[in-house]
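Okay, structure first, notes after.
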Number of protein chains: 2
Amino acid sequence: MLVDVQLSRDTIVTAAMEILDSYGLADMTMRRVATHLGVAPGALYWHLANKQQLIAAIADRILAPALDTTDPASPEELADRLRTALLAHRDGAELVSAALSQPDSETRGDVEKQLSDALALDDADVSRVGAAALLHLVLGATTLEQSHRQYAADTGTPAPPTGTPAEDFRRGVSYLLHGLGRG
Amino acid sequence: MLVDVQLSRDTIVTAAMEILDSYGLADMTMRRVATHLGVAPGALYWHLANKQQLIAAIADRILAPALDTTDPASPEELADRLRTALLAHRDGAELVSAALSQPDSETRGDVEKQLSDALALDDADVSRVGAAALLHLVLGATTLEQSHRQYAADTGTPAPPTGTPAEDFRRGVSYLLHGLGRG
DNA sequence: ACCTGAACACCGTTCAAGT
DNA sequence: ACCTGAACACCGTTCAAGT
């Protein structure tokens, strides 16, 4: 338990991510976060409206290393960086999917804009649909990969021999990008 | 409440889907399903090991109209039929995503095989990666579309003018398919 | 074989009351 | 302003005991 630091949105997010990485999304409950901070459950609700808001804030932190970049990346590179960022936290892909599924997610717009820019296409409509498709691909493929990893870790079995996931990921992205080039 | 029919896996699944369509996935709890059937919560566990198993069974029912077909469809048509099947039930895309994310999902293999066959490519590896990518696209795009629909229905606002979702969906699929053609 | 009753170990969220 | 205590209205799951 962290001792006696002033409670704030940021300390709550940090505590929640420690629980996430140690025990997974299912165990990242408001009550456990509160206990971890040595505080009553209700205290969290002074700083956050609800759990969805906490999840959104965590998603932003998870995505930050992939997004806060000055140089414009290629779409391949951006997709790869997103995957890496998601894999860096237990259940990261699932959590971010949940956050971006909320209809009022601002982050989703940001990510799609950055993907769209990376595509560097003339047709804005192709960019929009292509960026959305790319994001779906990244989230879907990474969620599946991560759940397989976790299952393997839980059961002690090695990962299934479907060919290396990173390579499959890049190939899926590459197929879509080729298709977009002929938009 | 259904009255006095013998409890079985099938009647439970039917009751659960009625709650799903009426109140959504968040309200589809084991306890509410039991109440709807006029039975104690524990009774369900004679017929099902746990809630995950119920969700898997519902996913199969939702997907059935898209999959149980004799004639081999084009990948465009199959993708479209999957989207339609998911949209036919409240939170259908989210529920099926959850079911197919379970590492031991048999249905996921079936769907990917059918997509892979529909692709009708020579290279088996391209088929495998392509089918997975297509499935991610279908689930991701439809989950988003459905959550936007629900949000619009809940708030009374009309859907956002992003261009018609069905058209965007077909375009996303089409881009990926073009890319696969040049695999 | 199939189901009930009752419990176990939890949830997210609210809100008066305290400091 | 910020937090506690205590409650409200729930969960999924188990399991002795009944029929």
When Watson-Crick pairs (N1 to N3 and N6-O4 or O6-N4) and G-U wobble pairs (N1-O2 and O6-N3) count only below 3.5 Å on both distances, what is the dot-bracket string of DNA chain C, with | for other-strand pairs? ||.|||||...|||||.||

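Paired with Q114(A) under the rule side-chain contact (heavy atoms from CB on, under 4.5 Å), one option of L63(A), T69(A), L82(A) passes, and it is T69(A).
Note on H47(A): every side-chain N or O is 4.0 Å or more away from OP1 and OP2 of dA1(D). Between Q6(A) and dC3(D) there is a side-chain N or O to OP1 or OP2 distance below 4.0 Å. Close to dT14(D), at under 4.0 Å from its OP1 or OP2, lies no side-chain N or O of Y45(B). Look at W46(A) and you won't find any side-chain N or O under 4.0 angstrom from OP1 or OP2 of dC3(D).
Here the C1' atom of nucleotide dC3(D) and the CZ atom of R9(A) are 19 Å apart, to the nearest Å. Residue K51(A) contributes atom NZ, which lies 4 Å from atom P of dG12(C) at whole-angstrom precision. Protein atom CG of L44(A) is 12 Å distant from nucleotide atom P of dC11(C), rounded to whole Å. Look at CG on L7(B): it is 5 Å from P on dC3(C), rounded to the nearest Å.
Proximity of a side-chain donor or acceptor of S127(B) to a complementary backbone N or O of D123(B) within less than 3.5 Å is detected. In this structure a side-chain-to-backbone donor-acceptor pair under 3.5 Å is present from R90(A) to S22(A). Side chain of S101(B) to backbone of S97(B): a donor-acceptor contact under 3.5 angstrom is found. The backbone N or O of L86(A) sits less than 3.5 Å from a side-chain atom of Q146(A), completing a donor-acceptor pair. For the pair H89(A) (side chain) and A85(A) (backbone), a donor-acceptor distance under 3.5 Å is absent.
A 4.5 Å side-chain heavy-atom check between V129(B) and E167(A) finds every atom pair outside the cut-off. For the pair I12(A)/R9(A), no side-chain contact is recorded, criterion being any heavy-atom separation below 4.5 Å from C-beta on.
Along DNA chain C, the nucleotide nearest R31(B) and the nucleotide nearest R32(A) are compared for position; the residue whose nucleotide lies closer to the 5' end is R31(B).
Using a 4.0 Å cut-off on heavy atoms, the residues of residues 21-29 of chain A that approach DNA chain C are T29(A), listed by number.
Between the C1' atoms of dC10(C) and dA9(D), the separation comes to 13 Å (whole Å).
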